[in-house]
2 protein chains.
Amino acid sequence: MPSIGEAARGSGIPVETIRYYERAGIVPGPPRTLSGHRVYDTAGIARLCLIKRCRDLGFSLAEARALLALSENSDSPCRDVKVIAEGHLAEVGRKIGALRDLEAALGELVRECAEGNTACPALRTLARP
Amino acid sequence: MPSIGEAARGSGIPVETIRYYERAGIVPGPPRTLSGHRVYDTAGIARLCLIKRCRDLGFSLAEARALLALSENSDSPCRDVKVIAEGHLAEVGRKIGALRDLEAALGELVRECAEGNTACPALRTLARP
DNA sequence: CCTTGAACCTGTAGTGGCTACAGGATGCAT
DNA sequence: ATGCATCCTGTAGCCACTACAGGTTCAAGG
C-alpha cells in the first residue's frame, strides 16, 4: 500500500508539497492506517499526477483544482476544460509579450554599458524619473 | 518638504511599498519631522525612482539594491552594472523560451478540446503520469 | 528482542514582493 | 472645535511552496 513517499515518487511532487496540497484543499486527503499514515490507491496517485501536470503547464492551483474536479465528473464537458486552458494560453501569450518588451529594454541598457564607462550611462537611464 | 505621499506620487511606488522597501533595507529611511513624518529630498525621491525603474525592468529587489549602491558610488564602474544587467537579460531570455514551450503544450491541449467531446481527451492527457 | 535509521505525523515559520488593515497621531481647512 | 486626509507602526495575508521542530512509526539488521 503506497505511503506518501511512494506517492511523491510516483507523482513527482515532494512529500511536503503533497501535504500542503491537502491542507490547501487542492486534493482530498487519502485514507490512513491505524497509526495515521496516508495510504494511496491508484486513483489517489492519479490525482496527484494530474495536479503536477497542470502545475508544470503553469496553471494556478485554483485552476488545477478545477480541472481535477472536471476530470472526476464523469460527464465533464470538454468545453469547460477548453475555457480554462484558453484563458491560461492567452495569459501565457501576454506574459511572452511583456517579457519580449522587457528583453528589448534590457538589451538597450546593456548596450549603454558596452564601453565600460566609469560614469555609467545605464545608471543615468535608470535614475531618470 | 515632500512627505511620503508626495514621494509615492513622484516615484510611482505606493506608500505602503515605500515603507516596505525601507523595512527591507532596499532604500535608506529619510529624515523625519519632529512628529515622525518622513521628509524626502530630491536625492531620496531619485532613489525611489531608480528602484521603480529596476523593478519595472524585472530586476529582483536584491539586484535593484545593488544597482542603487553602484549608482551612489561616484566611481562606479559600468562593468558591474553590465554584469547584473546581462545576467538578468539572460534570465529573461530563458523565461521566454520556457513560456514558448509552455505555449506550445497548451496549444496542443486546447486543440484536443476543439471538438467539444464529453470524454475529454485533454483531461486524459493531463492525467497521464 | 533491541537498536538504528528512515520515513511518517502535525504544526509553525520562512521565502519574495508586495498589499491591506487596525489603531492611533498629525496637520490643515472649515 | 470638527472633519477629513494623510501620516505613523505593527501585523497579517496573498501565492506556492519549502524547511524545520519535535515526536511517532516501521522495517531491517544484529
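Residue numbering restarts at 1 for every chain, and letters A, B, ... go by the order of the sequence lines.
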Sequence neighbours left out, what pairs pass side-chain hydrogen bond (donor to acceptor under 3.5 Å, both in side chains) with at least one residue falling in residues 24-36 of chain A?
Thr33(A)-Ser35(A)

So which one's nearest nucleotide on DNA chain D is more toward 5', Glu22(B) or Thr17(A)?
Glu22(B)

Find which nucleotide of DNA chain D each of Tyr21(A) and Thr33(A) is nearest to by heavy atoms, and output the residue with the more 5' nucleotide.
Tyr21(A)

For Glu103(B), which residues count as a side-chain hydrogen bond (donor to acceptor under 3.5 Å, both in side chains) partner, sequence neighbours excluded?
none

Only counting residues at least two apart or in another chain, list the ones meeting side-chain hydrogen bond (donor to acceptor under 3.5 Å, both in side chains) with Arg100(B).
none

Residue pairs fulfilling ring-ring contact (aromatic ring centres under 6.0 Å, His included) with at least one residue in residues 31-73 of chain A, sequence neighbours excluded:
Phe59(A)-His88(A)

Strictly by ring-ring contact (aromatic ring centres under 6.0 Å, His included), give each pair with a member in residues 1-25 of chain B just once, sequence neighbours left out.
none

DNA chain D-proximal residues of residues 57-67 of chain A, any heavy atom under 4.0 Å
Ser60(A), Leu61(A)

Hey, can you pull the residues of residues 84-104 of chain B with a non-hydrogen atom under 4.0 angstrom from DNA chain D?
none

Nearest-Å distance, CG (Leu34(B)) to C1' (dG27(C))?
14 Å

Short question: side chain of Ser11(B), backbone of Ala7(B) - any donor-acceptor pair under 3.5 Å?
yes

Do Glu22(A) and Arg38(A) come close enough that some side-chain heavy atom pair is under 4.5 Å?
yes

Drop me the distance from Leu126(B)'s CG to Leu109(B)'s CG, to the nearest 0.5 angstrom.
5.0 Å

Starting at CD1 of Ile84(B), measure out to CG of Leu106(A) and round the result to the nearest 0.5 Å.
12.0 Å

With sequence neighbours left out, write down each residue that passes salt bridge (Lys or Arg N to Asp or Glu O under 4.0 Å) with [X], or none if nothing qualifies.
X: Asp101(A); answer: none
X: Glu91(B); answer: Arg94(B)
X: Glu108(A); answer: Arg111(A)

Nucleotide range of DNA chain D contacted by chain A, 5' to 3', under 4.0 Å to a heavy atom?
dA16(D) to dC26(D)

Using a strict 4.0 Å threshold on nitrogen-to-oxygen distance, state whether Arg124(B) and Glu112(B) make a salt bridge.
no

So if I define the base as every atom that isn't primed, P, OP1 or OP2, how would nucleotides 4-10 of chain C read as a B/S/- string at a heavy-atom cutoff under 4.0 Å?
----SBB

